[in-house]
Protein chains: 2
Amino acid sequence: MSDGPHVTLEDVARSAEVSLATASRALNGTTRVRDDLRERVLAAAARLAYTPNAHAQALAGASRRTVGVVCHDISDPYFAGIIRGVMRVADRNGLVVMLAATFADPDKELACVSALRAQRASAIVLTGSAFEDRSWERAMAAELEPYRRGGGRVAVVTRHRSLRADTVAPDNRGGARAMAEAMHRLGHRRFAVVTGPGDLTTVADRVTGFREGLAGAGVELSERDFFAGSSDRDGGYAAANALIEAKHRATCVLTTSDVMALGAITALREAGRTVPDDVSVTGFDDIPLVRDLAPPLTTVALPLERLGEEAMQLALDGTTSARGRTRRLSAEVLLRDSTVKPRRRRRR
Amino acid sequence: MSDGPHVTLEDVARSAEVSLATASRALNGTTRVRDDLRERVLAAAARLAYTPNAHAQALAGASRRTVGVVCHDISDPYFAGIIRGVMRVADRNGLVVMLAATFADPDKELACVSALRAQRASAIVLTGSAFEDRSWERAMAAELEPYRRGGGRVAVVTRHRSLRADTVAPDNRGGARAMAEAMHRLGHRRFAVVTGPGDLTTVADRVTGFREGLAGAGVELSERDFFAGSSDRDGGYAAANALIEAKHRATCVLTTSDVMALGAITALREAGRTVPDDVSVTGFDDIPLVRDLAPPLTTVALPLERLGEEAMQLALDGTTSARGRTRRLSAEVLLRDSTVKPRRRRRR
DNA sequence: CTGTTAGCGCTTTCAA
DNA sequence: TTGAAAGCGCTAACAG
């Protein structure tokens, strides 16, 4: 956008032979304008292919029409679902959304918020979970505080301890607990957990839930039952391979996300182990495609789009007084065919 | 962003006891500033948690740091992949991306471009294919032309006839043709096509490719071999159900996208037909997860992220002179296990 | 109802 | 080097 003569409101006004103010009013419909004048302005604007300069509008004090969303990875169906919800609500309110992807890099997360702040986005939705790191939390709070003082709204999806922001909290821990219990009830006694990076609150909460559910049923998980990887398909694949390598005897593999489950299942299959006959596998999130798998994946369903919708909504009707509201959404265990009652171990 | 006293550069300047100009220069590093003064400015900025107002910067003529991307649906892995590529390049160049989703609504597509134009995005990447509609094309051209005159860059992914924009063109037609030929070579003679909306150029090109490939092998497709649906999983599911309903005797179902194939396979499975034993199914795009399906999906692979990267790159180093460059990317047939040589028809 | 005018916050000549 | 001042394009008082 270096060169080029932009058509400005002044051009329109001149062409329509009215004042700048009238042109502005005619275009925005803020105040009544004599019909013929308005017609002239509209015609001139169309003729000149005029588009208002959003920066000038923002600077001049018009209300901000931009909201920001920051996610880890847009290719992750979990985030895609949430963002879809955010966009739906934003769209309904005539807002434009700026999307930033951080690839789960804490520093980038901070940088994105700063950029959104610079854009004077009227609201920021943080969809990635927090990093369990004191100094990061402090830095994020330091970034958000002045933003909020300037009238900016902030909403987060999932737990951000000490962030004083409106929160949409899916019941990760409860969902995980319920899943663990369900698997125990099915008859499983030997478990392995394929997990994402432990410094993400979402992952930590889910793992805690698994632990609690199993412990309640009398099964203790040891460190050797955990196999961590990145929060994506390849992370699941790698973790499952580590599990196979370690000759872990689990009859049920709990994973902290559907995407990881996907990779894990492929790894198991490649190692000659059939799901669910040889080993049951559970996912988390209920991303759209897992019901199309063969076998369909047993998982903890989260209302992804709703998470996004609620977060955006919360940010939008935020009143300065009511900070730190939390909207809890429950998680539901969906038993499908990737899990079965464990059979007696086959001879090999 | 209604209320709230924003910290401005003037506050920083005052606090650092320098002039506005000096503060600006110190922060941007445009010109040399005496070291101690710069220190003071930086310190003041940090102390006040100053963030420059991007709108003011943009208005004052600083270079734009925003690019726009418009897609149909962020939850579609096809678009997610492309956008990921776009974001990678944008990020590498220190640009912020504004993402708009249109849900394949032609009007919204237009509206999004207009909004991006208002934001004075330095470049716009159109990832959805064009609509095969003269008046829409005209309207889009009318929106883009003044934008371009104002120095804006435009790049599109897939064919946009008559748009004079830099284009990244995956070989949809050639890929489809190759797939059709491959399936014929495998032994299939009776085909059905599960397709998205025919008014999308991408879909049209793929269908044309299927037709050509088959015709070249002596198989003509009739209208009764086509089953259309929306470009998503549910569209594929519905189309496949229509196919089943019609008792179509295809031994091979060609689809115009992996996502649709996903739904189609589930529909077939629910109808008691096994893939690939009873019927072979092919996809298109090679979205990340299809290799994790059981059976893995035979598909036409497109380098999704690269499409996005190239488009963004093209838009970025666009010189006003070299308009309408086209970068072709080839498509590759990936034979996996969802397709096999057709067996003699089983008795029922 | 319409026009005049004062900024919004920042960058950038132009002088000093 | 630094500072003063002129806008960038638009909206919103404030007068007419």
Side-chain angles (χ1 to χ4, degrees), chain A residues 1-41 44-45 48-66 117-120 122 146 150-151, chain B residues 1-41 44-45 48-66 117-120 122 146 150-151:
Chain A
M1 214 70 149
S2 39
D3 52 323
H6 263 287
V7 176
T8 72
L9 184 58
E10 191 170 352
D11 298 327
V12 175
R14 194 179 313 123
S15 168
E17 302 182 283
V18 297
S19 75
L20 235 152
T22 303
S24 171
R25 290 192 275 249
L27 256 14
N28 299 307
T30 32
T31 319
R32 263 225 82 55
V33 175
R34 217 172 65 212
D35 285 5
D36 60 319
L37 288 191
R38 200 189 38 256
E39 293 303 320
R40 257 161 47 200
V41 173
L48 300 172
Y50 168 72
T51 297
N53 184 325
H55 295 302
Q57 290 184 311
L59 195 55
S63 63
R64 273 68 180 159
R65 318 247 90 244
T66 303
R117 200 143 89 77
Q119 293 292 332
R120 296 299 185 266
S122 57
Chain B
M1 212 75 147
S2 40
D3 51 324
H6 263 288
V7 176
T8 72
L9 184 58
E10 192 172 350
D11 298 327
V12 175
R14 194 178 314 123
S15 169
E17 301 182 285
V18 297
S19 75
L20 227 123
T22 303
S24 171
R25 291 191 273 246
L27 256 14
N28 299 307
T30 32
T31 319
R32 259 226 84 56
V33 174
R34 220 172 62 212
D35 285 5
D36 60 320
L37 288 192
R38 199 191 37 256
E39 294 302 321
R40 256 158 51 198
V41 172
L48 300 173
Y50 168 73
T51 297
N53 183 325
H55 295 302
Q57 290 184 310
L59 195 55
S63 64
R64 274 68 182 160
R65 316 247 90 245
T66 303
R117 202 143 87 77
Q119 294 291 334
R120 296 299 184 267
S122 57

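Protein chains get the first letters and strands the later ones, always in sequence-line order, with residue 1 at the start of each.
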**Note, R117(B) side chain near H6(A) side chain (heavy atom, < 4.5 Å)** = no
**Prompt:** In whole Å, what is the span from the OH atom of Y50(A) to the C1' atom of dC10(D)?
**Reply:** 7 Å
**Contact interval (first through last nucleotide) of DNA chain C with protein chain A, 4.0 Å heavy-atom** = dC1(C) to dG9(C)
**Stepwise side-chain contact (heavy atoms from CB on, under 4.5 Å) test for R25(B) and R38(B)** = CA-CA 9 Å; R25(B) 291 191 273 246; R38(B) 199 191 37 256; over 6 Å; no
**A16(A) backbone acceptor or donor facing R40(A) side chain under 3.5 Å** = yes
**Item:** Euclidean distance, atom CD of residue E10(B) to atom C1' of dG3(D) [Å, nearest integer]
**Value:** 14 Å
**d(CG, D11(A); P, dC8(D)) in whole Å** = 11 Å
**Request:** Write down the atom of V7(B), the atom of Y50(B), and the distance for their closest heavy-atom approach.
**Result:** O-CD1, 3.5 Å
**Asked** Over how many whole Å does the gap from L59(B) atom CG to dG9(D) atom C1' extend?
**Response** 5 Å
**Message:** Go nucleotide by nucleotide along DNA chain C from the 5' end; which of T22(B) and H55(B) gets its closest nucleotide reached first?
**Reply:** H55(B)
**Message:** Applying side-chain contact (heavy atoms from CB on, under 4.5 Å) to N53(B) and T8(B), what does each step give before you reach the verdict?
**Reply:** CA-CA 8 Å; N53(B) 183 325; T8(B) 72; over 6 Å; no
**Fill in**
R40(B) atom CZ is separated from dT2(D) atom P, nearest whole Å, by 10 Å
**Request:** Report the distance from atom CG of L27(A) to atom P of dA12(D), rounded to the nearest whole Å.
**Result:** 13 Å
**Asked** At under 4.0 Å between heavy atoms, what does L20(A) touch on the DNA or RNA strands: base, sugar-phosphate, or nothing?
**Response** base
**Sugar-phosphate, base or nothing in reach of S24(B), heavy atoms under 4.0 Å** = base
**Request:** For dC8(D), take OP1 and OP2 only and decide whether either is under 4.0 Å from a side-chain N or O of N53(A).
**Result:** no
**Message:** Here's a test of your reading of the structure: between D35(B) and P52(A), which maps to the more 5' nucleotide of DNA chain D?
**Reply:** D35(B)
**Message:** Quiz question: by atom type and distance under 3.5 Å, do the side chains of S24(A) and N28(A) form a donor-acceptor pair?
**Reply:** yes
**Fill in**
Between CD of E17(B) and C1' of dG3(D) the distance, given in whole Å, is 15 Å
**Request:** Kindly point out which of dC14(D), dC10(D), dT2(D) is positioned nearest to the side chain of A56(A)?
**Result:** dC10(D)
**Message:** Can you tell me if S19(B) touches the phosphate of dA4(D), counting only side-chain N or O atoms and a distance under 4.0 Å to OP1 or OP2?
**Reply:** no
**Main-chain N/O of Q119(A) paired to H55(B) side chain as donor or acceptor, under 3.5 Å** = yes
